[in-house]
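Below is one structure, written out as structure tokens; the observations come after it.
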Amino acid sequence: MSWLPLSFGAPMVLWGLLALPVIWYLLRLTPPRPRTEVFPPLRILARVLRREETPHQSPWWLTLLRLLMAALVVTALAEPIFNPREKLPAEGSALALVVDNDWASAVDWGKRVATAERLIADAGSNGVPVVIAFTAEKPNAEIGPFDASAALDRLRAAKPRPIPTDRPAVYARVAATLERLPGASVAVLADGLAATGDEAAFKTLLEKNAARLVWVTSDRLSLTGLTGADNQVDGFTLTAIRAPGDPAPAQVTAGAFDDKGRRIADATLTFAPGQATATGTMKVPFELRNDFASIALDGEHQAGAVRVLDESSKRRRVGLLSQAEADQAQPLLSPLYYIRRALQPFADLVEPSSADLADAIPQLLDQKPAMIIMADVGTIPAQVRQRLVDWVNNGGTLVRFAGSRLAAAGNDDDLLPVRLRSGERALGGALSWTTPQPVTEFPKNGPFADLAPPTEVTVSRQVLAEPTPDIVERTWATLADGTPLVTGMKKDKGTLVLFHVTPEATWSNLPISGSFVEMLRRIVQLSRNQGAAVANAEAAAASLAPYRMIGADGALVPPTPDARPLVPAAGPLPVTLENPPGLYGSETGVFAHNLLNASSTFTPLARPQVSLPVTAIPYAFDESENLKGPLVTLALLLMVLDTLAVFWMGGLFSRRPRRAAATAAALLIVFGGLFGHADFARADDSKPGDAQAIEDISKTRIAYVITGEPGVDSISRAGLEGLTRFLIEKTALEPGPPAGVDISKDELTFYPLIYWPIDATAPMPSEAAIARIDAYMQQGGTVLFDTRDQFSNGIGGGSASPATERLRDILGNLNVPPLEPVPSDHVLTKSFFILPEFPGRFNGSPLWVEASLDASNTENRPVRTGDGVSPIMITGNDFAGAWAVDENGDPMLPTVPPDPMQRVYALRAGVNIMMYMLTGNYKSDQVHVPVLLERLGQ
């Protein structure tokens, strides 16, 4: 039953409202108000016995109050629902729920889950089984049929994946399951994006056993993706896409981030009306662009709006090649001397180990350079020439310098930008009518257009280009007489450049000028990295381990358990559950595997044309609200008011003030118990007391100092949670959740160990707070200071990091005992695991503890510290960083070096520290058990 925004679950109960007139008649009668007589008692008694009283009529407002209370109770029993939702079609032999949980569904995943929950709830009310499948999960995932409760559990356990959908495979599995359930309703919860094979997939799913189609999509496809991020001459060029046909203009902002997540650049991309592609440029210095680790679109919390970058988008790799042997006695005459000096600040230089061109050129190409510079190289060997041509055509930049060998080699249309005249041209000299020529203004069509011409540079010798119709377009620099000094041209995806002089200062003084450096710098920026360098063919085919993945929400996260190593290939690699988008490799080098590529587009998904009945609904949250609880609460309030009114009419508040006050207080207590319980509980929780203290000591808990730095505090908590899980798994100890403490006001005695990460940017603790720490340590507690900087010289070293300097300032106000690195025979090395060292996220800093009083008696006492526990421990290995895990139990931070066993040793070190803290001298006394048993005669 539904009336506009209100419906009732049990509308028949509303017939009870017809009883309101009867209730009104009965409520009109109420006992008369007692009369007050002073004296005499006998007269009053005689009057009472002689007169017969009749009921008195109740006031109209009290009758109305009681009628309203009765109406509220009847209405509440009818289960009213405000803004009721329409019942969805989930009938038939079964409900087949097919949900897209790919990267495009991450933005509004909550709405998708809410819509699916309503469909499952309606199927449960109809008593039909539910088949539920997700299009971005493993192909062998269980799909049912399930009952409604199990289907809800499956739905709530699912999450969006940063990969595309696989509709053909999943729809085929659902169709096979529906062969046993003909006549089922099929609900397709689509992401709105079309994909390859959709038409065949929908035909497989719907043409045989489906009785109805429920089509659920968003109102409009509002995704924006990043398909390109190229490091060009004047900046990083970005390309973004959206769904075609949008008539409204739009702007998106992109941010560039370094490997520590800091934002270092911005750019704005504008979509014109109706356009699906937008471009923008981050105009930042070349050196800053090399620090880009990822680029993301603001406000787009999905994997398609993020691009991770590898070495192919950063500092260029340049190969150097020359046929002339270097003269060690006269290095300035080496053909590559000035080129090396000019390129070293902004390029990685690689050179072959062989002087033979047949071997040298393949060696350079195997390094996948962005640019190759040939200093006076003549004829290219035939067996490697085609491979060099293919490298240029695929995007390589080949820069050649003239010389006697090149002048004698003749023309090469595939590897030279212009045709050359035979021989050389000499300018100046005793037998020449000409003089050395200066450099004139750089042409506007070349990459040197904004450079000032070097007035000090002159050319005395050069190779000449043949005059052709396109010689002007290919000229990047000219001499005063109009002859080309530098020529260049685009060849397929690559670039060919020729300096018509030698790279050493024999034909020209250009190589020793500042303009030479800027010219080479511009050409390097024109080049494009060809990928990660590999040493040989075996390394090229080797797989790369997952390093950092792009989550479905666009955040960079540690690798998931499903991620597998990636084998790089020449073409675009598919994004799958085993190879999700992200970075593959290690800290020494990574390979970027992005979700979208330059050819990606957003094509809206069209509803399949079927003969079945179709119900189309949008994604939406369930906004209906059950009014039964509020109506019952209001009826109880009216009941309290009715009780107070009866007491007032009976004169209770006027005759006996004390009794009236007590009654009112009792009513307030009852009222507060009914309606204010939650608020009172919160108020009690906010005040420290015995109950809070009992709760704190009911379980052993590890504490960490709240520094005020969100990044540090979150890692500390995640680290202690990881250690707590490991303790529960490996020992009989079951600690409670870790506690963050404010050392200036929280009670510290409840915690046996407090982990204190030292951060130089955090505020310096007050003297009172340090005094509380000092008292805590003197009363038996231990503080584990972690500078997290692997400062191996200790607190007494000469130079120190900022974190160690801050630790010295803190320790200067504490009563710190003499310290020493943990000796090899200390109880810490054997309290649970046998450990020779105590690594954390880093490995190298010792763990400092209180020095033993008698460190020389090692033969008769194998465990040196036997009378108590060290009140202080100091390390720089970042224990919390190694222990830190996310909500799935996966490590959050990599170890340095990336050794999987280092994390295990770090957790074992944490177990040993906790055992040492909790057992004290018990562990050290265990070594004397054989002697004690012998004395007891056992």
Just by distance, do the side chain of [X] and the backbone of [Y] share a donor-acceptor pair under 3.5 Å?
X      : Y      : value
Asn509 : Glu456 : yes
Arg341 : Ile512 : no
Thr475 : Ala477 : no
Arg316 : Ser527 : yes
Arg307 : Asn594 : no
Gln275 : Thr270 : no
Arg317 : Gln367 : yes
Asp359 : Asp356 : no
Gln462 : Ser460 : no
His500 : Val463 : yes

task: Evaluate salt bridge (Lys or Arg N to Asp or Glu O under 4.0 Å) for Asp413 paired with Arg419, printing each intermediate quantity in order.
output: CA-CA 7 Å; Asp413 294 336; Arg419 295 188 61 81; 2.9 Å; yes
- request: Could you go through the side chain to side chain donor-acceptor pair (under 3.5 Å) check for Gln363 and Ser354 one step at a time?
  value: CA-CA 8 Å; Gln363 289 178 10; Ser354 174; 5.0 Å; no
Can you find a heavy atom in the side chain of [X] that is under 4.5 Å from one in the side chain of [Y]?
X      : Y      : answer
Leu420 : Asn411 : yes
Leu320 : Ile339 : yes
Val418 : Thr468 : no
Phe516 : Leu510 : yes

For the [atom1] atom of [X] and the [atom2] atom of [Y], what is their distance to the nearest 0.5 Å?
X      : Y      : atom1 : atom2 : result
Leu498 : Met489 : CG    : CE    : 12.0 Å
Arg385 : Asp390 : CZ    : CG    : 10.5 Å
Leu566 : Tyr584 : CG    : OH    : 5.5 Å
Gln251 : Leu269 : CD    : CG    : 9.0 Å
Asn445 : Arg474 : CG    : CZ    : 12.0 Å
Met374 : Ile380 : CE    : CD1   : 4.0 Å

Minimum heavy-atom distance between [X] and [Y], given as atom pair plus value:
X      : Y      : result
Leu226 : Leu238 : CD1-CB, 4.4 Å
Asp481 : Arg425 : OD2-NH2, 2.7 Å
Ala303 : Gly551 : CB-O, 3.6 Å
Pro164 : Val575 : CD-O, 3.5 Å
Phe442 : Trp476 : CD2-O, 3.7 Å
Thr397 : Trp391 : O-CH2, 3.2 Å

query: Is Asp450 salt-bridged to Lys444, cutoff N-O under 4.0 Å?
result: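 Salt bridge between Asp450 and Lys444, a charged N being under 4.0 Å from a carboxylate O: no.
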message: Quick test of your reading of the model: are Glu300 and Arg242 salt-bridged, counting only N-O distances below 4.0 Å?
response: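 Answer for the salt bridge query: no.
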query: What do the steps show when you test Asp291 against Lys260 for salt bridge (Lys or Arg N to Asp or Glu O under 4.0 Å), and what is the final call?
result: CA-CA 10 Å; Asp291 293 334; Lys260 295 183 180 179; over 6 Å; no
- prompt: Does the side chain to side chain contact (heavy atoms under 4.5 Å, CB included) test come out yes or no for Val350 and Leu364, once each step is laid out?
  reply: CA-CA 7 Å; Val350 293; Leu364 285 181; 4.1 Å; yes
Please check if atom [atom1] in [X] has more than 12 non-hydrogen atoms from other residues, nucleotides or ligands closer than 6.0 Å.
X      : atom1 : value
Lys490 : NZ    : yes
Gln344 : CD    : yes
Glu473 : CD    : no
Arg387 : CZ    : yes

Given Leu336, Ile373, Leu357, the one that forms side-chain contact (heavy atoms from CB on, under 4.5 Å) with Leu321: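 Option passing the side-chain contact (heavy atoms from CB on, under 4.5 Å) with Leu321: Leu357.
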Pair Lys493-Asn393, side-chain donor/acceptor within less than 3.5 Å: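 Distance-only check fails for Lys493 and Asn393.
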message: Would Arg161 and Leu577 count as a side chain to side chain contact (heavy atoms under 4.5 Å, CB included) here? Give the steps.
response: CA-CA 8 Å; Arg161 303 282 189 176; Leu577 194 61; 3.9 Å; yes
field: Pair Thr281-Phe236, side chain to side chain contact (heavy atoms under 4.5 Å, CB included): steps then yes or no
entry: CA-CA 5 Å; Thr281 302; Phe236 241 103; 5.9 Å; no
query: Once the angle between the rings of Phe602 and Trp103 is folded into 0 to 90°, is it parallel (under 30°), tilted (30 to 60°) or perpendicular (over 60°)?
result: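 Tilted: the ring planes of Phe602 and Trp103 meet at 30° to 60°.
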Steps toward side chain to side chain contact (heavy atoms under 4.5 Å, CB included) verdict (Asp492, Val392): CA-CA 8 Å; Asp492 288 345; Val392 173; over 6 Å; no
- prompt: Do Phe257 and Phe292 have ring centroids that are under 6.0 Å from one another?
  reply: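 No, too far apart.
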